Amino acid sequence: MPPKKRKFDEAGSSQRSPRKRVNAADSSQQSLDSFLLSGRSAQNKAIVKEERSGAPREIIIIDDNEEEATYSHKGLATENVDIAIDSTITFNRLGSHSHPNSPVHPPFDGFISNTREMSAGSETSSVLHNKGIPIKPETAGKSNDTQVFGDETSLVDEKHVGVTSDGNATMPLHSTSSHSLMSTPIASVSTNPVDPRAQQTIAIQIQIPPLEPFPNLTLNPFLFEIRPRSPEGHGTSACSYWTRGTPAPYSLLVHALVSLAATKSRIAILSILTNLLRILIVYDSESVLPALYLLSNSLGAAWEGIELGVGGSIISKILQTTTSITSTTIRNLYKKYGDPGDVAYYAVVGESSGALYKDLRKIASSRGEKSQKIRQAITERLLLSAVGSSWKSGKPSGQDSIIDLNPHLLGEEARYLVRTLIQNLRVGAVRTTILSALARAIVFTTSQQRRADPTALLRYSILASDCDTVRKVLLQVRKQDETGTSGTSKKSKQISKAAQTPEYLAAQERVQNVLKRAEACLRKTYAQHPRYDDIVPVLLREGIDGIAGENSSVGLSLGVPVMHTLGSPMRSLDDVYERLGPNASWTAEMKYDGQRAQVHAWRKNGQIKVKIFSRHLEDMTDKYPDIVYLISRRFDTDPFLDSFIVDSEAVAVDRFTGELRSFQELAGRARRDVKISEVKVAVCLYLFDMMYLNGTPLIQKPFRERRRLLRTHLPPSEPVVAGHNDAPTSSHILARLDHVESVEADEGREVVEEFWEKAIESKCEGLMIKLLDDTQVTLGDGEEDIEDDEDLETPKRAKKNGSSTRRKALPATYEPDKRTSAWLKLKKDYVEGIGDSLDLVPVGAWHGNGRKAAWWSPILLAVYDPAGDQLVALCKCMSGFTDAFYKELNEKYPEGTETCSKTSLWNVETGGYKPNVYFKPSEVWEIRGADLTISPTSATALGMIPQARDRGLSLRFPRFMRIRLDKKIEMASTPAFVHQLWRNQESKGQALGIGEDELVDVIEEESVEEEYESSSDEHK
DNA sequence: GTAATCTGTCCAC
DNA sequence: CTCGGACGCATTCGG
DNA sequence: CCGAATGCGTCCGAGGTGGACAGATTAC
């Protein structure tokens, strides 16, 4: 082939490297990567060492056909070198990265790429091949682009000829220590001897840091570079295990999860997620949504009711059938690690996360007969692929796996697949963190777009100049960290101080401001419309700006539940007064013990639609046909009522007297496909807030206004009575609508105190205290609400110190998903010093899970029954123990000693509890709980409950308070005592509810049924 | 084959 | 629902 | 004066109580 313009000998004769093309993106000041070029002949031997700032990351080698060959690497300088087309390229050095779990040292961490016209089997490829550079077998067959033998799994540009790690290939090139790379030739290129013009050889020496097989996601996002996709779809690599144009591999996600699990730092976690999402946004935006779901332990919005139906038990079964592992081994592993995912930590897989997501949805959608078998089959297949088919034969290697296994993630895919299946990823990131990361990722990527298009004016965008300023300092800091002799905090402080130029500080503040505002904006949006499916497309299309404006398509909407406002717990009424100050106007509402119900109702095409959502945003509409009926009846009465969203508590009430009933009774209601005629437990819906009315969102309005609208538009209903049941002669209540009972702070403290007493004496949990108007609170509190509609130009308030008692604005708006001081909850079980504290004896325990894997948790607790002189188990307890206490327990009750036995050696009746180990009863603990419950498990007070002789009593929300050193086990609480407490509890609250005389007459059965059907048909 | 019971999962607090 | 732990930030304390 | 200590808010994940439901299994 005739040489073209750029010839090798030009390069060779030149003292310096031949012509170079500087990458256009090369403008920022980066670390001074250097590389060396040297020729072998006398002339050309001169090593050309070049140091340039802002070096891009690849060397482009131009061959005689003027095709480009690229050596690409992180932190590598770019240079163009003319070489002959069939030059022999020899690699002299291997990367040395090794994953702690990998037996394989990735042999080479860069790659020589060749030209567009190169195809499999071409000369160069064979030359390289002959040199023993590993080639993945599937590549040649599968590759249908110009890639010669680029690693199938590499995410490099198609043009690149990948020479990446492959654990199974024999490498002729040995791995060397990675840290003295400066003068180690990485490759030498010898020209075709046939071509007289190319009788020279060059050696290319490049300084490279060890390359990770996956990108280091922990990097500060400002230093984590993702180059945008070029117009033709070419781009640069994000990780070496991802073929361009294919969906993001599951292994990338797993890599992120592994990175997450390796740290506890919130900052690092946020960075990892941010960088992962940035990669996906740029390279495979379709994977963003599945990734978000996979990261958040869910497959869809809560109210869509997508359930996997796969739990630890099925996993365990599959692990047994799929592997040669025995059930005892599994049990032991589980005992040891306390995590089913860790149990599955044996093998390796790579699979597209998008594909995985689809399989999971498939599992979730399987219903009916044998569905468990189907679920099991799919799960098994997934796990098998996550494990490699060779697993069965005992080989941990994934060599013959149907799926490309990733040697760097040995076992991790299986681990996280299992954790995904049981929906407990436990990597230190759930919803809020993911949202923050998503917001940041969007900002970073849209900023990139902005760079490309300076005319675009985006509010949620980082200025390119600010970005550069920040990055520059970060690089400086990093460099000093690397070169620094001591890694003390002192040093880093000095560095940061040195970096604190006014320009930097200003840029940093602007940047942080944008990020914080973007986070706040997304979180706010999500709180009002918690559905990734709706949010993500907008974000990808328009960035944060797309969800910021008033006209955003993802705001408060009928049919999509709003996240709830949360209340801060208070320990006493005094605390409440102290917190809110003397001047604030607030109301105290009765906190009923029922189930939160967010009701959406609206007219549509002449029909009335009603949706009821639970606290966790599950769709509970089917559970409350009576409420649905009640609501639609309200629409009939009020023709001007068009739509609303209200917040309320559904409480079980006596169907005849209207008295409040226990939570346990409410829980006894049927849940699925409930017919209105079959409702057994009557409910009253206690309304307390209104977020939306007749097309207008109200959440920005103060509570006083919202409450007024609620009261005027949804007055308490007359009790609805249905006569179509098997009711006796008189009518009985079916459902009722009311407002929560409340008093105002204005009425004076005495009234409030009295109300509080009433709450204590009732079946209610306590009080909710809510601000009525926007106000100010005096508190030395640094919190700063970042409003998304804050003016962009407005810089953040300068830091002020001094006045520790600063006044903080406290809005009385409805703040979804926020725990503010605007809502305070005062729970009686915490305030009361009385009764519900029990003295119990620890008599057994289970092996803890997760972070408590090394400890006993939970602990089985018992009462002392003097009648039979034995201990009777009451409940388990896991709350209230400190880590130190767990450690003490380990010492006090070591397994297999005379204080802790696998079999029951002592006189203990455990009822339905089957602890892993039994403790020798020897101490008394004070345990607190909220209520006593009738229990199918506990044997305490068995036979003493009139309505359920076969049941015992147990404790709701048990928590450990302290050890009672002063008590012997015979002095522990007795079954009789527990029984008495229960009776006291049951007799409470007889006065609340409505009286018999308030009952109204019967409604025709037909009309009830009919209206119910019509109103609920559409939302199944 | 139907009914009763068991088991696992999910959901409420 | 419960709780404690861990982190990160801001402020105060103490040598 | 600067580093250490302390306080506070936030986030996370350990796991408690009971009950319904659906499918699988067993009893008759």
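Naming: A, B, ... by sequence-line order, numbering from 1 per chain. Since this is a predicted model, take the numbers as computed values, not measurements.
The interatomic distance linking A:Arg615 (CZ) with B:dC10 (C1') rounds to 17 Å, in whole Å. As a whole-Å value, the separation of A:Trp855 CH2 from C:dC3 C1' is 14 Å. Taking atom NZ on A:Lys828 and atom P on C:dC1, their separation rounds to 16 Å, with Å as the unit. The CG-C1' distance, from A:Leu308 to B:dG8, rounds to 14 Å in whole Å. Separating the OH atom of A:Tyr886 from the P atom of D:dA14 is a distance of 12 Å, rounded to the nearest angstrom. Atom-to-atom, CZ of A:Arg962 to P of C:dG4 comes out at 12 Å; the value is rounded to the nearest Å.
Between A:Lys317 and B:dG8, a side-chain N or O to OP1/OP2 separation shorter than 4.0 Å is absent. The shortest distance between the side-chain N/O atoms of A:Asn297 and the OP1/OP2 oxygens of D:dG13 is not below 4.0 Å. Here A:Lys264 does not reach the OP1 or OP2 of C:dG8: none of its side-chain N or O atoms lies under 4.0 Å away. When the side-chain nitrogen and oxygen atoms of A:Asn849 are compared with OP1 and OP2 of D:dG13, none of them lie within a distance under 4.0 Å.
Here the nucleotide nearest the side chain of A:Ser371, chosen from D:dG23, B:dA12, D:dC12, is D:dG23. Residue A:Ser265 places its side chain closer to C:dG8 than to any other of C:dG8, D:dC11, D:dC12. Considering only side-chain atoms of A:Arg596, the nucleotide from B:dC13, C:dC3, D:dC12 that sits closest is B:dC13.
A salt bridge does not link A:Lys852 with A:Asp883: every distance from a Lys NZ or Arg NE/NH1/NH2 to an Asp or Glu carboxylate oxygen is 4.0 Å or more. With respect to the salt-bridge test (charged N to carboxylate O, under 4.0 angstrom), the residues A:Arg419 and A:Asp339 qualify. In this structure, A:Lys828 does not pair ionically with A:Asp593, as no charged nitrogen and carboxylate oxygen lie closer than 4.0 Å. Look at A:Lys763 and A:Asp931 and you find no salt bridge, because none of the NZ, NE, NH1 or NH2 atoms lies under 4.0 Å from a carboxylate O. A salt bridge does not link A:Arg956 to A:Asp829: none of the charged side-chain nitrogens sits closer than 4.0 Å to a carboxylate oxygen.
Comparing A:Lys373 and A:Gly428 by the nucleotide of DNA chain D that holds the closest heavy atom to each, the one mapping nearer the 5' end is A:Gly428. In this structure, A:Phe960 and A:Glu765 both approach DNA chain C, and ranking their closest nucleotides by distance from the 5' end singles out A:Glu765. Along DNA chain D, the nucleotide closest to A:Gln372 and the one closest to A:Ser857 are compared, and the more 5′ of them pairs with A:Ser857. The residue among A:Arg266 and A:Thr882 whose nearest nucleotide of DNA chain C lies closer to the 5′ end is A:Thr882.
For A:Tyr886, the OH atom is densely surrounded, since the number of other residues' heavy atoms within 6.0 Å is greater than 12.
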- line: Contact string for nucleotides 16-21 of chain D, one letter per nucleotide 5' to 3', B = base within protein heavy-atom range under 4.0 Å, S = sugar-phosphate only, - = neither, reads BSSBBS
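The minimum heavy-atom distance linking A:Val653 with A:Arg661 is given by the pair C-CG, 3.5 Å.
Cation-pi geometry between A:Arg415 and A:Tyr337 is not met at under 6.0 angstrom from the ring centre and within 45 degrees of the axis.
Comparing the P positions of C:dA6 and B:dT5 gives an interatomic distance of 48 Å, to the nearest angstrom.
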